[in-house]
Amino acid sequence: MNFFNQENYPVYIRKELENMQASIKPLLKKALIYGFISIPLFGIAVFNLYYIIFDASVTDNITVLLILFSVIGALGLALFKESRLKNKEAQESSLRYITDRMVKSEVIHDDLKEGYLRKLKAEPYNQFNLFSEFLAQEERIRRVSEKQQDDNSTSE
């Protein structure tokens with residue numbers, strides 16, 4: 001299950017996105033299941049409650065039916081709310097992963113890290129673009145330092 005379109009990203013970014021995806025996949029799976037179950041339950045409950053309330057011909061056990069469909073509707077709404085909470089947890093988990101990854105980076109200087117972390121805190125909705133930018137910067141620095149090491153070893 002791919003949550004991100006990874007075809008346009010370089011290999012080093014794809015690897016990080018796959019790692020993040022592995023950590024949030026269970027949460028998103030639960031959110032998806034709860035959402036798929038909640039919508040039909042709520043729809044059935046609303047349709048049947050509307051039919052029972054506005055159709056005068058239904059008189060037998062109307063109380064039992066009202067309670068039954070009210071409970072089904074409440075269950076549907078509860079599952080929908082749980083789905084939204086799981087989605088929020090997944091977003092927070094991905095933000096935590098990105099923050100931890102930025103903090104643990106040994107390639108990027110602390111001042112640059114702090115700048116990225118400030119941007120991330122100010123613009124959490126833009127987290128994937130900032131993370132991609134961070135990883136690209138990290139890769140550039142890594143390549144420059146490798147090139148310098150190669151140049152130093154060949155000049156000796």
Side-chain angles (χ1 to χ4, degrees), residues 1-108 110 112-142:
M1 191 185 254
N2 277 335
F3 302 115
F4 311 108
N5 183 7
Q6 299 177 0
E7 295 171 2
N8 299 330
Y9 292 117
V11 175
Y12 57 92
I13 293 177
R14 271 190 254 158
K15 186 180 121 194
E16 289 296 331
L17 289 178
E18 287 170 2
N19 291 340
M20 182 179 12
Q21 187 177 348
S23 68
I24 64 174
K25 190 175 182 177
L27 293 171
L28 290 177
K29 187 175 180 181
K30 282 183 184 178
L32 191 64
I33 291 170
Y34 291 161
F36 278 145
I37 293 171
S38 71
I39 292 171
L41 283 177
F42 185 70
I44 289 169
V46 168
F47 176 76
N48 285 310
L49 284 172
Y50 180 82
Y51 180 74
I52 290 169
I53 291 172
F54 293 111
D55 188 12
S57 66
V58 178
T59 55
D60 298 338
N61 297 335
I62 194 166
T63 308
V64 174
L65 289 175
L66 285 174
I67 291 172
L68 174 71
F69 289 119
S70 296
V71 168
I72 290 172
L75 181 63
L77 285 177
L79 285 173
F80 182 73
K81 185 167 183 161
E82 187 66 22
S83 170
R84 292 185 65 204
L85 286 173
K86 292 293 180 192
N87 277 327
K88 189 175 181 179
E89 275 182 54
Q91 185 178 12
E92 290 171 356
S93 178
S94 67
L95 188 61
R96 239 185 344 268
Y97 177 87
I98 291 171
T99 303
D100 290 345
R101 175 62 178 80
M102 286 181 176
V103 168
K104 290 178 183 177
S105 176
E106 296 177 2
V107 176
I108 293 198
D110 289 341
L112 270 173
K113 279 189 217 179
E114 290 302 319
Y116 279 112
L117 290 170
R118 263 186 268 117
K119 280 184 190 177
L120 192 61
K121 198 171 272 191
E123 304 172 18
Y125 54 86
N126 200 18
Q127 64 186 348
F128 296 112
N129 291 334
L130 287 170
F131 190 47
S132 296
E133 185 182 317
F134 171 81
L135 291 171
Q137 179 73 20
E138 186 180 56
E139 186 66 18
R140 278 192 296 271
I141 293 171
R142 184 177 290 123

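We use all heavy atoms of the structure for the numbers below, so side chains are in, but hydrogens, waters and symmetry mates are not.
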Margin query: If you apply the rule side chain to side chain contact (heavy atoms under 4.5 Å, CB included), what do you find for Arg14 with Leu17, and how did you get there?
Written below: CA-CA 5 Å; Arg14 271 190 254 158; Leu17 289 178; 5.7 Å; no
Notebook entry, point to check: Is the backbone N or O of Glu89 less than 3.5 Å from a side-chain atom of Ser93, with the two atoms forming a donor-acceptor pair by type?
Noted result: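 Checked: no pair found.
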Notebook entry, point to check: Are the side chain of Ser83 and the backbone of Leu79 linked by a donor-acceptor contact shorter than 3.5 Å?
Noted result: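 Flag not set: sc Ser83 to bb Leu79 has no pair under 3.5 Å.
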Notebook entry, point to check: Is the Lys NZ or Arg CZ of Lys119 less than 6.0 Å from the centre of Tyr116's six-membered ring, within 45° of the axis?
Noted result: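 Relative to the ring axis of Tyr116, which defines the angle, Lys119 lies inside both limits.
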Can you confirm whether [X] sits close enough to [Y] that some side-chain heavy atom of one is under 4.5 Å from a side-chain heavy atom of the other?
| X | Y | value |
| --- | --- | --- |
| Arg101 | Ile98 | no |
| Gln127 | Ser94 | yes |
| Tyr97 | Asp100 | no |

Check: At their closest point, which heavy atom of Asn87 faces which heavy atom of Ala31, and how far apart are they?
Finding: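 Result for this residue pair: OD1-CB, 3.4 Å.
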Would you compute the distance between atom [atom1] of [X] and atom [atom2] of [Y] and round it to the nearest 0.5 angstrom?
| X | Y | atom1 | atom2 | result |
| --- | --- | --- | --- | --- |
| Glu133 | Ile13 | CD | CD1 | 10.0 Å |
| Ile67 | Ile72 | CD1 | CD1 | 12.5 Å |
| Leu117 | Leu130 | CG | CG | 10.0 Å |
| Glu138 | Glu16 | CD | CD | 7.5 Å |
| Gln137 | Lys113 | CD | NZ | 13.0 Å |
| Gln91 | Leu27 | CD | CG | 12.0 Å |

Next item on the list: Decide if atom NZ of Lys30 counts as having more than 12 heavy atoms of other residues, nucleotides or ligands within a radius under 6.0 Å.
Entry: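 Open.
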Next item on the list: Using salt bridge (Lys or Arg N to Asp or Glu O under 4.0 Å) as the criterion, list what pairs up with Glu123, not counting sequence neighbours.
Entry: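 In terms of salt bridge (Lys or Arg N to Asp or Glu O under 4.0 Å), with neighbours along the sequence ignored, Glu123 is linked to no residue.
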Checklist line | Those residues that, when tested against Phe131, pass ring-ring contact (aromatic ring centres under 6.0 Å, His included) (two or more places apart) | finding: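 Applying ring-ring contact (aromatic ring centres under 6.0 Å, His included) to Phe131 gives none.
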Next item on the list: Before accepting this row, confirm whether a basic side-chain N of the pair Arg142/Glu139 lies closer than 4.0 Å to the acidic partner's carboxylate O.
Entry: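 Here Arg142 pairs with Glu139 in a salt bridge, since their nearest N and O are under 4.0 Å apart.
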Mind listing the side-chain donor-acceptor pairs of residues 32-49 below 3.5 Å, one per line with the distance, residues two or more places apart or on another chain?
from	atom 1	to	atom 2	distance (Å)
Ser38	OG	Tyr34	O	3.2
Ser38	OG	Gly35	O	3.1
Asn48	ND2	Ile44	O	3.0

